[in-house]
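Order of listing sets the numbers, starting from 1, for every ligand and every atom in it. Heavy-atom basis, side chains included; hydrogens, waters and symmetry copies ignored.
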Amino acid sequence: MLHQTRGRITRDNGAAIDALKKRAAEWEVPLTQEQAGFCFHVWNSKATLYPDETGVTIEISSPEQRLLQTLQGSLTELFEECLLCPKWDEVAEGALAPGMSLMQVVSVTRRSPGFTRVRLEGHDAERFGGDSYHFRLLIPRKGRPPCWPRIAASGRTVWPEGDDALHRPVYTTVAHGQNWLEFDIFEHEGSPTSTWVAEEPVGRTIGIIGPGGGGCPDSENLFLFGDETAVPAITRMLEEAPGNVRAFIQASREDLCELAADQRVSIVSDLLPALEALELCEKAHVWFAGHADQARAARTHLTSRGLQKRDFTAAAYWS
Ligand SMILES: Cc1cc2nc3c(=O)[nH]c(=O)nc-3n(C[C@H](O)[C@H](O)[C@H](O)COP(=O)(O)OP(=O)(O)OC[C@H]3O[C@@H](n4cnc5c(N)ncnc54)[C@H](O)[C@@H]3O)c2cc1C
């Protein structure tokens, strides 16, 4: 089913289309020109702008309500920056931010010296178990009642600020089932998430928003490189990859748990030398995730070896 909404900007002088063109270039997403309109394609969704003599009509269509609302909010923000205020036929004013779900923390389990596994339950947990692996955990400041992001009358999402601002780290759904999902937190110094999980959050309500980000690349030969923060994503890809997979992980044997016995996994002391030593083959995809500096170096290295953008992923998982 396709979800749709329509908006209108009056008294436009071309600024809306210019802003959309600029955004498409920044995000490296297609902007196509069809008969009477300009189509912006993102998140499997489409926003079409139809200019006329008195303004611009905006039509959004999307396979999911949350993606439609996300695009509606994002376009509202973009046009408001140009002092254009779209009026939408429908706005879910007061609703939780698009893609946000409230979950109960039902268990916290020490999995290894470095990892803690958290299980969440909620009626729509299942949608976090699909092809997009990641979500943002929304952690309220300690001692403050939660104040969740909500959709405003304009269509934009308003995030709590100041003392109510939420900590929003990204995590990976490592296991899921009907009404539940699990994720693994790699604990480290100075981490608000590690502090939160150490405070025994079982029984509390927590927000998560998503899913988003990547899933398993569809490749005959998949080479995975990552540090501890990438272990949950690598675990998923080892389970789901359609072809051959090899993983090179910078983590202790204890923290790899059952992956330590997987013949496809090698423990490495440093990711970049392991990447440089990789013998590439035909029909391969190289996936790399770790510290931002390492991800940047990996991107430079893979590009210098002639890999095209579509043949590799180099993601900054922390900085
Ligand atoms: C797509 C994606 C998926 C991810 N999935 C997971 C996951 O499943 N499990 C997981 O544990 N992490 C995962 N991460 C990484 C996680 O989001 C970061 O480690 C994040 O920084 C954790 O937030 P924080 O509470 O530590 O707060 P932040 O404010 O982000 O960080 C606090 C401090 O900790 C430092 N820091 C952050 N990560 C590390 C680290 N690994 N080692 C040492 N110091 C660090 C930061 O530099 C900063 O000084 C993922 C990241 C991305 C982008």
Visitor: Please test E187 against T116 for side chain to side chain donor-acceptor pair (under 3.5 Å), starting from the C-alpha separation and ending with a verdict.
Guide: CA-CA 8 Å; E187 294 181 45; T116 301; 2.3 Å; yes
Visitor: Under a 3.5 Å distance rule, please check whether R23 uses its side chain to pair with a backbone N or O of V29 as donor and acceptor.
Guide: no
Visitor: Distance under 4.0 Å to a non-hydrogen atom of I185: what atoms of ligand 1 satisfy this?
Guide: 11 (O)
Visitor: Taking 4.0 angstrom as the limit and counting only heavy atoms of T193, give me the atoms of ligand 1 inside it, by number and element.
Guide: 23 (O), 24 (P), 25 (O)
Visitor: Do R168's NZ or CZ and the ring of W159 fall within the cation-pi criteria of under 6.0 Å and 45°?
Guide: yes
Visitor: Flag F186 as yes when one of its N or O atoms lies below 3.5 Å from any N or O atom of ligand 1, and as no otherwise.
Guide: yes
Visitor: So for ligand 1, is H134 a polar contact partner (N or O within less than 3.5 Å, distance only)?
Guide: no
Visitor: For ligand 1, which atoms have a heavy atom of A316 less than 4.0 angstrom away?
Guide: 53 (C)
Visitor: Using a strict 4.0 Å cut-off to heavy atoms of T172, name the atoms of ligand 1 that fall inside it.
Guide: 3 (C), 4 (C), 5 (N), 6 (C), 7 (C), 8 (O)
Visitor: Enter the distance from W196:CH2 to I206:CD1 here, rounded to the nearest 0.5 Å.
Guide: 4.5 Å
Visitor: Quick check on the 6.0 Å ring-centre criterion: do F128 and Y133 meet it?
Guide: no
Visitor: With a cutoff of 4.0 Å, is G190 in contact with ligand 1, counting heavy atoms of the residue only?
Guide: yes
Visitor: Test your reading of the structure: does S319 have an N or O sitting under 3.5 Å from an N or O of ligand 1?
Guide: yes
Visitor: Using a strict 4.0 Å cut-off to heavy atoms of E189, name the atoms of ligand 1 that fall inside it.
Guide: 34 (O)
Visitor: Over all heavy atoms of both residues, which pair between Y317 and A233 is shortest? Give the atoms and the distance, please.
Guide: OH-CB, 3.9 Å
Visitor: Is the closest protein non-hydrogen atom to atom 49 (O) of ligand 1 under 4.0 Å?
Guide: no
Visitor: Which atom pairs, donor and acceptor, lie under 3.5 Å between side-chain atoms of residues 74-84 and protein residues at least two apart or in another chain?
Guide:
{"unit_1": "T76", "atom_1": "OG1", "unit_2": "Q72", "atom_2": "O", "d": "2.6"}
{"unit_1": "T76", "atom_1": "OG1", "unit_2": "W88", "atom_2": "NE1", "d": "3.0"}
{"unit_1": "E80", "atom_1": "OE1", "unit_2": "R156", "atom_2": "NH1", "d": "2.6"}

Visitor: For atom 21 (O) of ligand 1, what's the nearest protein heavy-atom neighbour? Residue, atom name and distance, please.
Guide: W318 CB, 4.2 Å
Visitor: Can you tell me if D52 and T54 form a side-chain donor-acceptor pair at under 3.5 Å?
Guide: yes
Visitor: Please determine if V170 has a nitrogen or oxygen closer than 3.5 Å to a nitrogen or oxygen of ligand 1.
Guide: yes
